[in-house]
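A, B, ... follow the sequence lines: proteins, then strands. Residue 1 opens every chain.
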There are 2 protein chains.
Amino acid sequence: MADKKEDRRIQRTRSMLHEALMDLIVEKGYAAITIQDLIDRANIGRSTFYAHFTDKEELLLDNINQLKAFLVEQIDKRTAADRTEAVRFEFSLALLQHVQSHKLMYRATVGKPSGTIVVHHIQQMIAELARDEITDRLPFEGTAFIPRDVVVEFAVNTLVTLVNWWMRGNTHHSAIEVDQMFHQLILSGIKQQREHTLTE
Amino acid sequence: MADKKEDRRIQRTRSMLHEALMDLIVEKGYAAITIQDLIDRANIGRSTFYAHFTDKEELLLDNINQLKAFLVEQIDKRTAADRTEAVRFEFSLALLQHVQSHKLMYRATVGKPSGTIVVHHIQQMIAELARDEITDRLPFEGTAFIPRDVVVEFAVNTLVTLVNWWMRGNTHHSAIEVDQMFHQLILSGIKQQREHTLTE
DNA sequence: TCGATTCCGTACATCGAGTTCAATAACTTT
DNA sequence: AAAGTTATTGAACTCGATGTACGGAATCGA
């Protein structure tokens with residue numbers, strides 16, 4: 001922390017661009033967004049954009065890094081409060097709650113061709129979170145048939161799949177319910193469904 | 001069947017374009033391919049391209065439909081020969097074998113930003129195959145906590161995840177091994193790893 | 001206030017998408 | 001094999017978006 005304060009103009013420019021990106025994703029989908037759209041919406045000059053980012057993809061990555069910082073904060077907050085036991089897969093609930101409060105953006109992104117790149121980068125980011133959390137909680141490396149790398153990606157992909165389904169007309173489920181589905185799927189697969197019911 | 005024979009010129013044009021697409025995906029990745037690249041490689045005129053497809057994406061979809069037809073054929077062949085028992089998730093092995101014989105293309109596609117759209121469409125296609133096969137083999141709808149839609153997407157996504165991992169430096173595994181991992185993951189999740197070992 | 005940095009905005013070069021059209025080539029049918 | 005149909009060609013053109021350049025204006029930190 002304690003990054004030397006950045007010029008206010010820089011902060012303003014970047015934050016305007018981030019907002020513009022989010023808005024435009026909702027309106028026309030990521031793929032259709034042009035640089036012109038972004039600078040018009042953010043109300044900044046063309047050359048100013050290129051002074052900060054080379055791409056709209058680079059802008060996106062910057063945005064996703066912010067999200068990552070936010071998620072880490074959420075996770076740390078929760079694990080600090082709840083010391084009862086080894087906590088598992090905290091990243092899932094943190095993400096799901098973020099998704100819930102940004103329905104429109106995820107709706108316009110997940111599952112649609114125009115949003116695949118966005119999802120791809122979010123997935124990468126979540127995988128980083130997951131790797132840290134999973135690596136030392138599942139101590140069956142070595143004898144395992146399924147390599148650890150696969151476990152991480154498997155879990156992340158399952159989560160994204162659920163978000164996909166959730167945002168496509170099933171928003172009446174709560175983040176906690178979806179989180180439960182997630183844990184069942186990655187731990188037990190699709191078998192033994194009957195043992196699990198909503199305790200709500 | 002018995003579509004009235006199509007003009008040979010049409011067949012030729014489309015097949016040249018299909019080949020060009022595959023080659024170029026290997027060489028520069030899907031996203032970077034321009035129409036100009038395609039028509040140069042296929043050696044056809046510009047206006048001819050637009051007489052057949054509006055997009056490179058439409059060309060891609062046409063390609064994937066061909067792949068689907070091929071996979072269905074493989075699946076039918078296998079299930080016809082092996083009548084012993086209810087066969088489950090045949091689509092996975094069929095796809096994995098196709099992947100194995102097109103390593104270069106999948107390597108250049110799966111897991112890379114430039115290939116996300118391609119993967120997305122393949123995933124959609126596999127989901128169609130999976131839906132048919134899964135729907136009547138897992139009769140726990142109704143009481144289940146996990147909705148059927150989710151099961152289908154979960155399975156497909158898991159398969160894609162494995163392909164991703166497989167193509168990234170683990171090609172020494174056989175299609176059958178990866179297929180076994182797939183079945184374990186979707187059926188039992190990441191628990192009970194020790195019960196499963198390679199029987200070769 | 002002052003010096004440094006950022007932003008502006010216009011202009012410009014470049015590239016790729018997609019359309020048009022008349023001439024030509026290739027195919028199918030009889 | 002001839003006739004009629006259909007596909008392909010290639011060049012020219014419009015359009016929109018990308019990315020760069022640069023001098024002057026605005027805003028910052030101190």
Side-chain angles (χ1 to χ4, degrees), chain A residues 1-63 113-118 121, chain B residues 1-25 27-63 66 113-118 121:
Chain A
M1 59 194 73
D3 304 32
K4 36 179 66 177
K5 309 167 193 172
E6 252 181 343
D7 196 315
R8 286 177 197 166
R9 288 168 295 181
I10 296 182
Q11 294 177 25
R12 194 182 68 91
T13 297
R14 296 175 99 92
S15 106
M16 297 297 259
L17 280 172
H18 283 143
E19 268 187 53
L21 179 61
M22 306 271 267
D23 289 357
L24 287 167
I25 284 179
V26 173
E27 289 176 26
K28 45 165 38 188
Y30 176 78
I33 298 175
T34 69
I35 308 290
Q36 196 63 47
D37 291 333
L38 288 166
I39 66 183
D40 285 351
R41 180 62 58 101
N43 199 31
I44 62 165
R46 182 168 196 74
S47 35
T48 305
F49 177 90
Y50 286 105
H52 288 265
F53 307 100
T54 73
D55 263 343
K56 67 170 171 173
E57 193 163 356
E58 206 175 89
L59 170 60
L60 173 68
L61 289 175
D62 203 58
N63 235 345
S114 74
T116 47
I117 298 164
V118 180
H121 287 302
Chain B
M1 58 197 75
D3 303 30
K4 40 177 65 178
K5 308 165 192 173
E6 250 181 345
D7 195 315
R8 284 177 200 166
R9 289 168 295 180
I10 296 182
Q11 295 176 25
R12 193 181 67 92
T13 297
R14 297 177 97 93
S15 105
M16 298 296 257
L17 280 172
H18 283 144
E19 267 187 53
L21 178 63
M22 307 271 267
D23 289 356
L24 287 167
I25 285 179
E27 290 177 26
K28 46 165 32 189
Y30 176 78
I33 299 174
T34 69
I35 307 290
Q36 195 63 48
D37 291 333
L38 288 166
I39 66 183
D40 285 352
R41 180 63 57 100
N43 198 30
I44 64 165
R46 182 169 197 72
S47 37
T48 305
F49 177 90
Y50 287 105
H52 288 266
F53 307 100
T54 73
D55 264 344
K56 68 169 169 173
E57 193 164 356
E58 207 175 89
L59 170 60
L60 173 67
L61 289 175
D62 203 58
N63 236 344
Q66 280 191 188
S114 74
T116 48
I117 298 165
V118 180
H121 288 303

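The phosphate of D:dG29 has OP1 or OP2 within less than 4.0 Å of a side-chain N or O from A:Arg8. At C:dC7, one or more side-chain N or O atoms of A:Thr13 fall inside 4.0 Å of OP1 or OP2 (strictly under the cut-off).
Relative to the axis of its first five pairs, the axis of the last five pairs of the helix from C:dT1-D:dA30 to C:dT30-D:dA1 sits at 50°, rounded to 10 degrees.
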Report the C-alpha distance between A:Glu57 and A:Tyr30 in whole Å, list the side-chain angles of each, state the deciding distance to 0.1 Å, and finish with yes or no for side-chain contact (heavy atoms from CB on, under 4.5 Å).
CA-CA 10 Å; A:Glu57 193 163 356; A:Tyr30 176 78; 3.8 Å; yes
Apply the test side-chain contact (heavy atoms from CB on, under 4.5 Å) to residues A:Leu61 and A:Phe53: give CA-CA distance (whole Å), side-chain angles for both, the deciding distance (0.1 Å), then the verdict.
CA-CA 10 Å; A:Leu61 289 175; A:Phe53 307 100; over 6 Å; no
Please step through side-chain contact (heavy atoms from CB on, under 4.5 Å) for the pair B:Lys56 and B:Leu21, ending with a clear verdict.
CA-CA 9 Å; B:Lys56 68 169 169 173; B:Leu21 178 63; 5.7 Å; no
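You'll find that the side chain of B:Arg9 is closest to C:dA25, out of C:dC7, C:dT19, C:dA25. Side-chain proximity of B:Ser47 to the nucleotides D:dA21, C:dG16, D:dA11 is greatest for D:dA11. Distances from the side chain of A:His52 to the nucleotides D:dG29, C:dC7, C:dA17 place C:dC7 closest.
The shortest side-chain heavy-atom distance between A:Asp37 and A:Lys28 falls under the 4.5 Å cut-off. Between B:Ile10 and B:His52 there is a side-chain heavy-atom pair separated by less than 4.5 Å.
As judged by a 4.0 angstrom heavy-atom cut-off over every strand, B:Thr48 is placed among the base-contacting residues. The residue B:Asn43 sits close only to the backbone: its heavy atoms come under 4.0 Å of sugar-phosphate atoms, none of a base.
Of all heavy-atom pairs between B:Arg46 and B:Ile39, the closest is CA-CD1, 3.7 Å.
Rounded to whole Å, atom P of C:dC8 lies 13 Å from atom CZ of A:Phe49. As a whole-Å value, the separation of B:Gln36 CD from D:dA11 P is 11 Å. The distance from atom CD of A:Glu57 to atom P of D:dG19 is 11 Å, rounded to the nearest whole Å. The distance between atom CZ of B:Arg12 and atom P of D:dA7, rounded to the nearest whole Å, is 14 Å. The nearest whole Å value for the distance from the CZ atom in A:Phe53 to the C1' atom in D:dT18 is 17 Å. Rounded to whole Å, the distance from CD1 on B:Ile10 to P on D:dT5 is 17 Å. Atom OH of B:Tyr50 is separated from atom P of D:dG10 by 16 Å (rounded to the nearest Å). We find that CG of B:Asp7 is positioned 10 Å from C1' of D:dT5, with the value rounded to whole Å.
For A:Glu27, the salt bridge (charged side-chain N to carboxylate O under 4.0 Å, His left out) partners at least two apart in sequence or on another chain are A:Arg41.
No hydrogens or angles were tested; on distance alone, a donor-acceptor pair under 3.5 Å links the side chain of B:Arg46 to the base of C:dA17.
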